[in-house]
Amino acid sequence: MKLKTLILTLFVGIGLLASCSKDDTNNIPQEELLKGTWSLKNLSGGFAGLDENYADGIITWTFNSQNQTIIIDNNEPSSKSFTFDSGTYNYSIIEISGQKYLKIENDEYGGLTIITNNLTIDQNKISSGVGADGFILKFEK
C-alpha cells in the first residue's frame with residue numbers, strides 16, 4: 001500500500017513540475033516581450049535556401065514599445081546583409097486569429113513568435129495566408 005501511495009505521489013509531483021514554467025510568457029503583452037535589444041543569430045530561407053549564422057552584435061534590433069520604433073544596427077557588409085540597413089524604423093504588431101505579425105514602416109514583415117529570449121520572424125507567415133521564399137530570422141536577447 002505504501003508503494004502505491006509513493007508511486008502516485010511521485011507521478012502527481014512530476015505532473016505538477018511539468019505543468020509549471022518559470023518562463024511563462026503567455027500572460028505578458030507581446031509588446032513587453034519584444035522590447036529591448038535582440039541580436040540576429042540566424043537567417044535562413046529565401047529562393048536560394050540561405051542559412052547564414054551571425055555572431056552576437058553584428059545585427060541588432062532594439063524595440064522601443066513606447067514610441068513603437070526599432071533601432072537597427074547593421075554591421076554586416078551590405079553584400080551579405082538580407083535585413084534592413086542601420087536606422088530607426090516605425091513598427092506595429094497586428095494579430096489575426098491568434099497569430100501575431102510584425103509590420104515595419106507599414107509593410108507586413110512576417111509572423112512573429114517570442115518564446116523566452118528567442119524571437120522568430122517568419123516571412124512565410126503573412127496575415128493574408130502563406131508566403132513563399134521568405135526568410136526566417138532568429139534572434140536572441
Side-chain angles (χ1 to χ4, degrees), residues 2-141:
K2 288 183 181 182
L3 182 59
K4 286 183 182 178
T5 304
L6 178 62
I7 291 172
L8 180 60
T9 303
L10 182 62
F11 280 120
V12 169
I14 290 171
L16 287 173
L17 286 175
S19 67
C20 294
S21 175
K22 189 172 150 184
D23 296 321
D24 184 14
T25 57
N26 291 337
N27 297 324
I28 301 172
Q30 203 76 32
E31 292 79 11
E32 287 300 309
L33 292 173
L34 191 58
K35 77 178 181 179
T37 300
W38 298 85
S39 185
L40 181 64
K41 300 304 285 180
N42 181 269
L43 182 137
S44 61
F47 181 74
L50 293 176
D51 189 9
E52 297 283 333
N53 292 316
Y54 297 89
D56 279 339
I58 296 296
I59 298 174
T60 60
W61 290 22
T62 303
F63 289 85
N64 182 326
S65 59
Q66 289 180 331
N67 61 13
Q68 293 206 297
T69 59
I70 308 170
I71 298 172
I72 296 177
D73 190 12
N74 187 342
N75 295 303
E76 183 67 30
S78 62
S79 63
K80 285 187 66 184
S81 179
F82 296 94
T83 181
F84 288 89
D85 291 333
S86 293
T88 301
Y89 301 88
N90 294 312
Y91 82 91
S92 61
I93 297 172
I94 58 172
E95 182 174 352
I96 299 172
S97 300
Q99 172 65 53
K100 293 178 174 54
Y101 302 92
L102 177 65
K103 291 179 81 173
I104 299 175
E105 295 295 324
N106 293 318
D107 291 322
E108 190 172 328
Y109 195 66
L112 184 68
T113 306
I114 301 173
I115 300 174
T116 313
N117 289 325
N118 296 293
L119 164 65
T120 301
I121 301 170
D122 186 344
Q123 293 180 330
N124 296 307
K125 291 182 180 177
I126 54 177
S127 62
S128 60
V130 179
D133 298 326
F135 291 111
I136 299 172
L137 296 88
K138 295 183 179 182
F139 295 83
E140 288 182 0
K141 207 170 213 184

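The first residue in the sequence is number 1, and the count goes up from there.
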>> side-chain contact (heavy atoms from CB on, under 4.5 Å), that's the test. Do Leu119 and Thr113 meet it? Break it down for me.
In response: CA-CA 6 Å; Leu119 164 65; Thr113 306; over 6 Å; no
>> Enumerate the side chain to side chain donor-acceptor pair (under 3.5 Å) contacts for residues 126-140, please, sequence neighbours excluded, ordered by first and then second residue.
In response: Glu108-Ser127
> Looking only at heavy atoms, which two atoms of Gln99 and Gly111 are closest? And how far apart?
Replying inline: NE2-CA, 3.7 Å
> side-chain contact (heavy atoms from CB on, under 4.5 Å) between Leu137 and Tyr109: does it pass, once the steps are laid out?
Replying inline: CA-CA 11 Å; Leu137 296 88; Tyr109 195 66; 3.9 Å; yes
> Taking only residues two or more places apart in sequence, or in another chain, which ones meet Thr69 in a side chain to side chain donor-acceptor pair (under 3.5 Å)?
Replying inline: Asn67
> Closest approach of Gly36 and Lys141, non-hydrogen atoms and distance?
Replying inline: CA-CE, 4.2 Å
> Tell me the ring-ring contact (aromatic ring centres under 6.0 Å, His included) pairs involving residues 118-141, sequence neighbours left out?
Replying inline: Trp61-Phe139, Phe82-Phe135
> For Asn75, what residues pass the side-chain contact (heavy atoms from CB on, under 4.5 Å) criterion, not counting sequence neighbours?
Replying inline: Asp73
> Between atom CD of Glu95 and atom OH of Tyr101, what is the distance when rounded to the nearest 0.5 Å?
Replying inline: 9.5 Å
> So do the side chains of Ile70 and Thr88 get within less than 4.5 Å of each other, counting heavy atoms only?
Replying inline: no
> Looking at residues at least two apart in the chain, or sitting in another chain, which of them share a salt bridge (Lys or Arg N to Asp or Glu O under 4.0 Å) with Glu105?
Replying inline: none
> So which heavy atom on Ser92 is nearest to which on Gln68, and how close?
Replying inline: CA-NE2, 4.2 Å
> Given Ile71 and Asn64, is the side-chain contact (heavy atoms from CB on, under 4.5 Å) satisfied, shown in steps?
Replying inline: CA-CA 8 Å; Ile71 298 172; Asn64 182 326; over 6 Å; no
> What is the distance from atom CG of Asn90 to atom CG of Asn106, rounded to the nearest 0.5 Å?
Replying inline: 7.5 Å
> Hey, mind stepping through Ile72 and Asp85 against side-chain contact (heavy atoms from CB on, under 4.5 Å) and telling me if it holds?
Replying inline: CA-CA 7 Å; Ile72 296 177; Asp85 291 333; over 6 Å; no
>> With heavy-atom distances below 4.5 Å as the criterion, would you say the side chains of Tyr54 and Glu76 are in contact?
In response: yes
> Is the backbone of Ile59 close enough, under 3.5 Å, to the side chain of Asn74 for a donor and an acceptor to pair up by distance?
Replying inline: no
>> With rounding to the nearest 0.5 angstrom, report the CG to NZ distance, Leu34 to Lys100.
In response: 11.0 Å
> Are side-chain heavy atoms of Leu102 and Phe63 found at a separation under 4.5 Å?
Replying inline: yes
>> Are the side chains of Ile136 and Asn124 in contact, using a 4.5 Å heavy-atom criterion?
In response: yes
> Which side chain to side chain donor-acceptor pair (under 3.5 Å) pairs, counting each pair once, include a residue from residues 36-46, with sequence neighbours left out?
Replying inline: Thr37-Thr62, Lys41-Asp56, Asn42-Asp51, Asn42-Asn53
